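The shown structure was predicted, so the numbers you read here are calculated from the model rather than taken from an experiment. By convention in this document, chain letters (A, B, ...) are assigned in the order of the sequence lines, proteins followed by strands, and residues within each chain are numbered from 1.
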Amino acid sequence: MKDIKAKILSNKLVGRAYYKMALGAPYIARAAKPGQFVQIKCSDGLEPFLRRPFSIHRVNGSIEILYEVVGKGTEILAGKKQGDFVDVLGPLGTGFSLPLTSSLEPRAIIIAGGIGAAPLVYLAEELTKKKIKTIVLIGAKTKDAILCEKDFKKITREVYVSTDDGTYGCHGFVSRLFHNILKTTESRFETIVYVCGPNGMLKCIAEICAERSFECQVSLEEKMACGTGACLGCAVPTKSGNKLACKDGPVFNATSLSW
Amino acid sequence: MMKIKIGKIELKNPVMVASGTFGYAKEFEKLVNLKHLGAIITKTITLNPRQGNPMPRICETASGMLNAIGLQNEGIDDFIKEKMPYLSKIGVPIIISISGNNIDEFFILARRLNKIKAISGIELNISCPNIKCRGLVAQDKKETYEVVKAVRKTTSKTVITKLSPNVTDITEIAKAAEDAGSDAVSLVNTFLGMAIDVETGKSKLGNITGGLSGPCIKPIALRMVHEVSRNIDIPVIGMGGIMNAGDAIEFILAGATAIQVGTANFIEPGVSGKIIKGIEAYLKKHKIKKFQDIIGRTT
Ligand SMILES: Cc1cc2nc3c(=O)[nH]c(=O)nc-3n(C[C@H](O)[C@H](O)[C@H](O)COP(=O)(O)OP(=O)(O)OC[C@H]3O[C@@H](n4cnc5c(N)ncnc54)[C@H](O)[C@@H]3O)c2cc1C
Ligand SMILES: Cc1cc2nc3c(=O)[nH]c(=O)nc-3n(C[C@H](O)[C@H](O)[C@H](O)COP(=O)(O)O)c2cc1C
Ligand code: FES
């Protein structure tokens, strides 16, 4: 973990209100694991006051983040130019754990809801590097919020899409798509499900996984101040007491949570 | 050039890190050269483990933040077993912040810590606004006196009493701590505050209210340090919104013998090191030989 003054290598609009920013932070790129995040100081002044957490979207010598403009901090980030510098603290947290290759025949199902796709591309890359069969489901409210479809397709052949309003892919929630996929695919695999998205979706997917005894790893979002485990602001109630989203998480085994 | 003494503790510089903003130091080992710090004050511990308050526990505000952590900690047994070994090895004065539900708990905590050699001092957190009690000890001069007195009797370590700004007259509380034998006072803890989500009509904190910290409280904290330091003879440790060396120097000019860096650790984890260098540079620039010469210079 280091606090780095990173040069912005690029910052591009990639969709409705979505941006991709590449940051020159070789140390973080080397140390990062899928599911980990960085804390970025969006402005040089006091507004907004706290840093903002962003998942590590990709690494390739530098790191990339994929973010949605939702408020003050992300608006300032969107206005940054190539060559500007920002303070980036990372890599932070505990990311996804990859299936042990010794397990029967592992199969990973990645489920992304909206901007929840951000940490999952890097995960898909790492999974396929380990030759683990990987299926990706992408869900969003509407077509223009479907993210990273092309990126995922470069990594694996099996990419399925659904939109809540039916403007693209299957019509309905991604949890329904998940149900359907499970019906139509073989079950000789030991399945691990990785999911990131809105809380309601996480719960829904976790329930389906519990019914089938699939391991389910969810990436949670909590308001954060420090990002390093010092302030205890990001507590997540679990069956073994409070854990910290920034240190023990953001990725948790769904069965360990008390939600 | 920057050496100071607080009670029996000799500090190589006046920059400490504030309780609750630096964990138990290990969290920052990769981000700060811990050996350079004047002292480390650990997250407040209590006799028994505490779950803390419901989420959300933090909320950003203009130039600051609200927190309602509620003293989440694993209790003193776990602290001694799990955290002390690491803290003992750092090589700077370690000050343990404690809080109790009553005088007895403060007494027991202080007595147990008194036996541990690696501990230099105790900070009495009688001012956390996030625990449900009758009111804060630090809001009552008689209770403050009694808690400090009880702790004083049981420990030979340096005792620092941490004061709350949520009072009408902070000086009379500081005097009560001094009379009871406190070696120093530290001020301020957070200001009680709140923030509301207008869409839901709900408080933005699970605990409804929380403690305000950061640059937004600095002018008030500074005034309190100025006032208290003029009215007591023990050292004042100043804090509240210190983000850089300039802020720290303001507190020193106002009358603080040392300062604590709090919320700034979240925004810039390496800031304490920069503040130490910044104070040094200031002394050089103004040709001040001894740090002590500027304490309380602003009259
Ligand atoms: C571990 C982690 C990883 C994240 N990764 C990404 C990512 O890869 N891409 C991305 O776009 N976003 C990500 N987020 C969410 C991102 O941090 C917030 O969107 C961002 O902090 C908003 O800042 P802002 O100043 O623009 O908005 P603000 O002005 O602070 O808030 C605007 C709105 O966004 C909501 N909001 C603010 N912070 C959060 C938060 N932490 N979680 C949920 N809602 C929030 C507020 O309640 C408000 O409604 C992540 C959050 C966490 C905790
Ligand atoms: C998240 C958070 C947790 C805190 N926890 C404690 C604590 O456990 N004990 C304590 O004495 N003060 C605690 N404080 C108060 C700080 O030590 C400090 O007094 C206060 O924040 C004002 O200084 P600052 O503006 O520099 O942060 C906490 C502050 C914050 C922001
Ligand atoms: S954000 Fe501070 S402990 Fe998690």
Side-chain angles (χ1 to χ4, degrees), chain A residues 1-5 27-28 31 38-53 71-74 86-93 199 220-249 257-259, chain B residues 17-32 42-44 49-74 130 204-206 210 213-216 218 241 243-244 262-271 273-274:
Chain A
M1 180 199 307
K2 271 190 192 169
D3 189 14
I4 291 166
K5 202 164 264 314
Y27 166 81
I28 298 177
V38 292
Q39 282 265 71
I40 296 185
K41 196 163 179 295
C42 300
S43 98
D44 296 329
L46 293 174
E47 300 302 331
F49 184 59
L50 298 172
R51 290 194 184 213
R52 296 291 189 259
K72 306 189 278 276
T74 44
V86 283
D87 291 333
V88 183
L89 174 66
L92 301 171
N199 252 328
L220 298 183
E221 272 195 16
E222 276 300 343
K223 286 275 160 63
M224 292 182 177
C226 68
T228 58
C231 75
L232 309 181
C234 65
V236 175
T238 73
K239 287 174 185 150
S240 48
N242 280 337
K243 299 276 180 209
L244 297 175
C246 71
K247 196 174 156 208
D248 308 307
L257 300 171
S258 31
W259 53 5
Chain B
V17 283
S19 178
T21 65
F22 209 71
Y24 302 97
K26 194 164 179 24
E27 293 84 344
F28 283 79
E29 66 181 350
K30 294 195 187 120
L31 303 166
V32 180
T42 50
K43 170 77 187 166
T44 300
R50 285 178 59 96
Q51 277 279 305
N53 286 327
M55 293 294 288
R57 291 176 171 185
I58 49 175
C59 158
E60 189 177 60
T61 60
S63 295
M65 66 178 280
L66 286 162
N67 89 81
I69 309 298
L71 298 187
Q72 178 182 330
N73 79 101
E74 300 295 328
N130 295 323
K204 289 188 181 174
L205 292 171
S213 66
C216 57
K218 199 189 83 179
M243 298 298 287
N244 52 46
T263 306
N265 292 314
F266 304 155
I267 286 99
E268 202 188 336
V271 71
K274 280 195 193 163

Nearest heavy atoms of [X] and [Y], plus distance in Å:
{"X": "Phe49(A)", "Y": "Gly214(B)", "result": "CZ-CA, 4.2 Å"}
{"X": "Gly241(A)", "Y": "Gln51(B)", "result": "CA-NE2, 4.2 Å"}
{"X": "Ile58(B)", "Y": "Ala225(A)", "result": "CD1-N, 3.3 Å"}

Could you tell me which portion of [X] (side chain, backbone, both or neither) has an atom closer than 4.5 angstrom to a non-hydrogen atom of chain A?
{"X": "Tyr24(B)", "answer": "neither"}
{"X": "Leu31(B)", "answer": "side chain"}
{"X": "Thr21(B)", "answer": "backbone"}
{"X": "Ala62(B)", "answer": "both"}
{"X": "Met55(B)", "answer": "side chain"}
{"X": "Thr61(B)", "answer": "backbone"}
{"X": "Lys26(B)", "answer": "neither"}

Which distance, rounded to the nearest 0.5 Å, do you find between the [atom1] of [X] and the [atom2] of [Y]?
{"X": "Arg57(B)", "Y": "Asn242(A)", "atom1": "CZ", "atom2": "CG", "answer": "5.0 Å"}
{"X": "Leu71(B)", "Y": "Leu232(A)", "atom1": "CG", "atom2": "CG", "answer": "10.0 Å"}
{"X": "Ile267(B)", "Y": "Asp3(A)", "atom1": "CD1", "atom2": "CG", "answer": "11.5 Å"}

Applying side chain to side chain donor-acceptor pair (under 3.5 Å), name anything that partners Lys274(B), two or more places apart in sequence or on another chain.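 Residues passing side chain to side chain donor-acceptor pair (under 3.5 Å) with Lys274(B): Glu268(B).
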When you compare the side chain of Cys231(A) with that of Asn67(B), does any pair of heavy atoms fall below 4.5 Å?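 Asn67(B) does not reach Cys231(A) side chain to side chain.
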Of the listed residues (Pro48(A), Ala230(A), Pro237(A)), which shares the most heavy-atom pairs with chain B below a 4.5 Å separation?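 Top count of heavy-atom pairs under 4.5 Å with chain B: Ala230(A).
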Note: vs chain B, highest number of non-hydrogen pairs under 4.5 angstrom among Arg51(A), Gln39(A), Lys41(A) is Arg51(A)
side-chain contact (heavy atoms from CB on, under 4.5 Å), that's the test. Do Lys72(A) and Glu60(B) meet it? Break it down for me. CA-CA 12 Å; Lys72(A) 306 189 278 276; Glu60(B) 189 177 60; 3.9 Å; yes
Say whether, by atom type as modelled, one donor and one acceptor occur between the side chain of Glu27(B) and the main chain of Thr228(A) under 3.5 angstrom. no
For chain A, which candidate among Pro215(B), Gly64(B), Pro269(B) shows the most heavy-atom pairs at distances under 4.5 Å?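 That would be Gly64(B).
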Look at Cys216(B), Ser63(B), Gly23(B) and state which one has the largest set of heavy-atom pairs under 4.5 Å with chain A.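 The candidate making the most pairs under 4.5 Å is Ser63(B).
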